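Please read these numbers as outputs of a predicted model, since none were measured by experiment. All heavy atoms count here, side chains included; hydrogens, waters and symmetry mates do not. Each chain gets a letter, A, B and so on, in the order its sequence line appears, and its residues count up from 1.
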Protein chains: 2
Amino acid sequence: MPSVIMNPPDALAQRLADSGLRSTPQREFIYGVLMKKRDHPTADEVYARVRADLPSISLATVYNCLETLVQCGLIRVVNFERGPTRYCPNLSPHAHFHDEQSGTIHDIDLPADLLEKVASILPPGFDAKSVEVTFRGKSQPAA
Amino acid sequence: MPSVIMNPPDALAQRLADSGLRSTPQREFIYGVLMKKRDHPTADEVYARVRADLPSISLATVYNCLETLVQCGLIRVVNFERGPTRYCPNLSPHAHFHDEQSGTIHDIDLPADLLEKVASILPPGFDAKSVEVTFRGKSQPAA
DNA sequence: CTAACAAATTGGAATGGTTCTAAGTAGCAA
DNA sequence: TTGCTACTTAGAACCATTCCAATTTGTTAG
């Protein structure tokens, strides 16, 4: 019975296999870290978190694995100014709000129709593979 | 007669003075470089260009001056991924299109009403000081 | 089970853009 | 002049990231 529904439990192994890549503990734990606390950690932060489970992992591996996950389309990279690259588990279309005070990142839902309107400002001859909308400012500590 | 109209000739000196800063040859030439070829040069590129006129300028000074011009609101910084910071003389609201092939940047006019619509997706409690819209993809060599 | 191969991980060195530091210069003010 | 303060300079330092060469691990074939 090949038509078993494959749920998140091993979306990762699946995706990796699809790309001819192996499922390794390092990749699994790093993916787990991203899925568990769905913020926007830097490679260093991921490194710190994953070391709880894999004390001997190297930072180079963290970079490698994150890159792999990005390739597989399981996470995304986000950059602000020239700060360290952050990794984002949210795959649905959204903008980012960068709180200058706290340095935290908030995902802002980006309606499809607006996304379209934005894309439509491109003159003919421009073929965009991706659009990015980023806000900077301050946000209420709020609810 | 103090009410002489001060045109671009020395917008720079004016702005600097307003901020209690001095007009220096380095600042003038760097500003000139940005105004003349209105692309999106990196600090290194600015360095290269300005050395034609000021062979003994240092890279540190280029960074310093660019930062000063940014502070005065005469130019803007633009970042793509983690590539070197670029400097943009276009002060009107616009998006950036980053051509992945050639690495070139194109300014895309961003209508005020669209900018507003984009800003309006922010939930209450978010106070944006700036919005950035960035496209990545390929563009026709075109007209 | 073992050999052989490919993929992944590792630590450390190297890179590249940017910032820092300390010393020197320049221009204005008393 | 002396003294200030702003500015410039060269080079060192920094930091995130990538590269490298050497293991280690996993997989496959015999």
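- The structure places CD1 of A:Ile121 at 4.5 Å from CG of B:Leu110, a figure rounded to the nearest 0.5 Å.
- The side chain of A:Arg82 places an N or O atom within less than 4.0 Å of a non-bridging phosphate oxygen (OP1 or OP2) of C:dT18.
- In the hydrophobic clustering of this structure, A:Val78 does not group with A:Ile30; members are Ile, Leu, Val, Met, Phe, Trp, Tyr whose side-chain heavy atoms approach within less than 4.5 Å, directly or through other members.
- The CZ atom of A:Phe29 sits 15 Å away from the C1' atom of C:dT9 (whole-angstrom rounding).
- One can place OH of B:Tyr87 at 12 Å from P of C:dG17, the figure rounded to the nearest angstrom.
- For the pair B:Glu67 CD and C:dT18 P, the interatomic distance rounds to 12 Å; values are reported in whole Å.
- Ring orientation note: the planes of A:Phe97 and A:Phe135 are close to parallel, at an angle under 30° on the 30°/60° scale.
- Regarding B:Asn79, its CG atom lies at a distance of 19 Å from the P atom of C:dG16, rounded to whole Å.
- B:Gln71 places its CD atom 12 Å from the P atom of D:dC7, with the value rounded to the nearest Å.
- Comparing D:dA10, D:dT17, C:dG17 against the side chain of A:Leu59 picks out D:dT17 as the nearest.
- Within the nucleic acid shown, A:Thr61 comes within 4.0 Å of at least one base atom, counting heavy atoms only.
- Across the protein-nucleic acid pair, B:Leu12 atom CG and D:dC7 atom P stand 12 Å apart, rounded to whole Å.
- Between the side chains of B:Asn79 and B:Thr85, a donor-acceptor pair is found at a separation under 3.5 Å.
- Rounded to whole Å, the distance from CG on A:Leu66 to C1' on D:dT18 is 14 Å.
- Among the heavy atoms of the strands, none lies under 4.0 Å from B:Thr42.
- Nearest nucleotide to the side chain of B:Leu21, out of D:dT17, D:dC7, C:dG11: D:dC7.
- Considering only the side chain of B:Thr24, D:dC7 comes nearest among D:dA16, D:dT17, D:dC7.
- Both B:Gly20 and B:Ser58 lie near DNA chain D, and the one whose nearest nucleotide falls closer to the 5' end is B:Gly20.
- Taking side-chain N and O atoms only, A:Gln26 has a distance below 4.0 Å to OP1 or OP2 of C:dT10.
- Among the nucleotides C:dT10, C:dT18, D:dG11, the one closest to any side-chain atom of B:Ala60 is D:dG11.
- B:Asn64 has its CG atom 16 Å from the C1' atom of D:dT5, to the nearest Å.
- A residue-by-residue look at B:Tyr63 and B:Arg22 shows that B:Tyr63 has its nearest nucleotide of DNA chain C further toward the 5' end.
- Under a hydrophobic-cluster definition in which Ile, Leu, Val, Met, Phe, Trp and Tyr are linked whenever side-chain heavy atoms come within less than 4.5 Å, directly or via other members, B:Leu66 and B:Phe80 are assigned to different clusters.
- Here the side chain of A:Pro84 is nearest to one of D:dC7, D:dA16, C:dG17, namely D:dA16.
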